[in-house]
Amino acid sequence: MHYTLTPRGNAALMALMAAALLACFLTGNGPSLAILAVFMVAGAFAGLLQNIALRRNVSQFQSASSAFQVRAVLVSSFPGKASVALLWLSGLALILLLVNGGQHATIQTIVGAYATFSFARETAAFPALFVLQSGQFHV
């Protein structure tokens with residue numbers, strides 16, 4: 001199983017995103033809370049979709065040994081494709097925010113929005129990683 005599918009690896013990523021978000025609040029004027037809220041909801045939804053995809057394809061994810069194989073298994077199901085689509089949409093939204101965001105296009109808001117999306121996604125998908133470790137199938 002690829003290391004990106006382990007609880008330990010994802011806990012480290014969650015800690016990194018939490019630290020980035022904290023830094024956004026401690027520097028400058030802080031991020032826009034409304035924008036962070038939108039990205040948090042989108043990230044949580046993407047994580048729930050990812051959680052479903054992980055639980056539905058336990059054996060395929062367990063046999064994946066590279067990031068490319070993990071992505072291939074993820075996009076082989078509708079929930080996985082939708083999760084990846086939300087990731088791309090959030091990236092596009094960040095670019096649009098940077099270009100057209102006016103006063104909201106601060107570095108704290110851009111970085112904070114990405115960190116919030118990632119943290120929420122990983123948190124929502126986290127329980128499924130224990131299913132992968134145990135090899136049990138749950139829907």
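Worth knowing before you read on, the calculation uses all heavy atoms, side chains too, and leaves out hydrogens, waters and symmetry mates.
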Got a list of side-chain donor-acceptor pairs under 3.5 Å for residues 41-50, not counting sequence neighbours?
none

Report, one line per pair, each donor and acceptor closer than 3.5 Å where one atom sits in a side chain of residues 121-129; sequence neighbours left out.
{"from": "T123", "atom 1": "OG1", "to": "F119", "atom 2": "O", "distance (Å)": "2.7"}

Which donor-acceptor pairs under 3.5 Å do side chains of residues 94-104 form with protein atoms, sequence neighbours excluded?
none

Could you pull out all donor-acceptor pairs under 3.5 Å where a side-chain atom in residues 67-82 meets a protein atom, sequence neighbours excluded?
{"from": "Q69", "atom 1": "OE1", "to": "S65", "atom 2": "N", "distance (Å)": "2.5"}
{"from": "Q69", "atom 1": "OE1", "to": "S65", "atom 2": "OG", "distance (Å)": "2.9"}
{"from": "Q69", "atom 1": "OE1", "to": "S66", "atom 2": "N", "distance (Å)": "3.2"}
{"from": "S76", "atom 1": "OG", "to": "V73", "atom 2": "O", "distance (Å)": "2.6"}
{"from": "S77", "atom 1": "OG", "to": "G80", "atom 2": "N", "distance (Å)": "3.3"}

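Considering only residues two or more places apart in sequence or on other chains, T106 meets the side-chain hydrogen bond (donor to acceptor under 3.5 Å, both in side chains) condition with T109. Taking the side-chain hydrogen bond (donor to acceptor under 3.5 Å, both in side chains) definition, one finds that N51 meets it with R55, sequence neighbours left out. Shown here are the ring pair (Phe, Tyr, Trp, His ring centres under 6.0 Å) partners of Y114, two or more places apart in sequence or in another chain: there are none.
Contact between C24 and G112 at its shortest, heavy atoms only, is SG-N, 3.4 Å.
Annotation for L22: hydrophobic cluster partners, listed by chain and number, are L26 (ILVMFWY side-chain heavy atoms under 4.5 Å, direct or chained). Summarising the hydrophobic clusters (Ile, Leu, Val, Met, Phe, Trp, Tyr; side-chain heavy atoms under 4.5 Å, direct or chained), the residues clustered with M40 are none. When hydrophobic residues (I, L, V, M, F, W, Y) are linked wherever their side-chain heavy atoms come within less than 4.5 Å, the members clustered with L36 are L21, F25, L33. By the 4.5 Å side-chain criterion applied to Ile, Leu, Val, Met, Phe, Trp and Tyr, V111 is assigned to a cluster that also includes I107.
Residues L13 and L5 fall within the same hydrophobic cluster, defined by Ile, Leu, Val, Met, Phe, Trp and Tyr side chains chained together at heavy-atom separations under 4.5 Å. Residues L92 and V38 do not share a hydrophobic cluster, clusters being chains of Ile/Leu/Val/Met/Phe/Trp/Tyr side chains in contact below 4.5 Å. In terms of hydrophobic clustering, with Ile, Leu, Val, Met, Phe, Trp and Tyr side chains grouped at heavy-atom distances under 4.5 Å, V84 and L86 are assigned to different clusters.
Inter-residue side-chain proximity for S90 and L87 is flagged as met; some heavy-atom pair is nearer than 4.5 Å.
The line from CZ of F130 to CG of L54 is 12.5 Å long, rounded to the nearest 0.5 Å.
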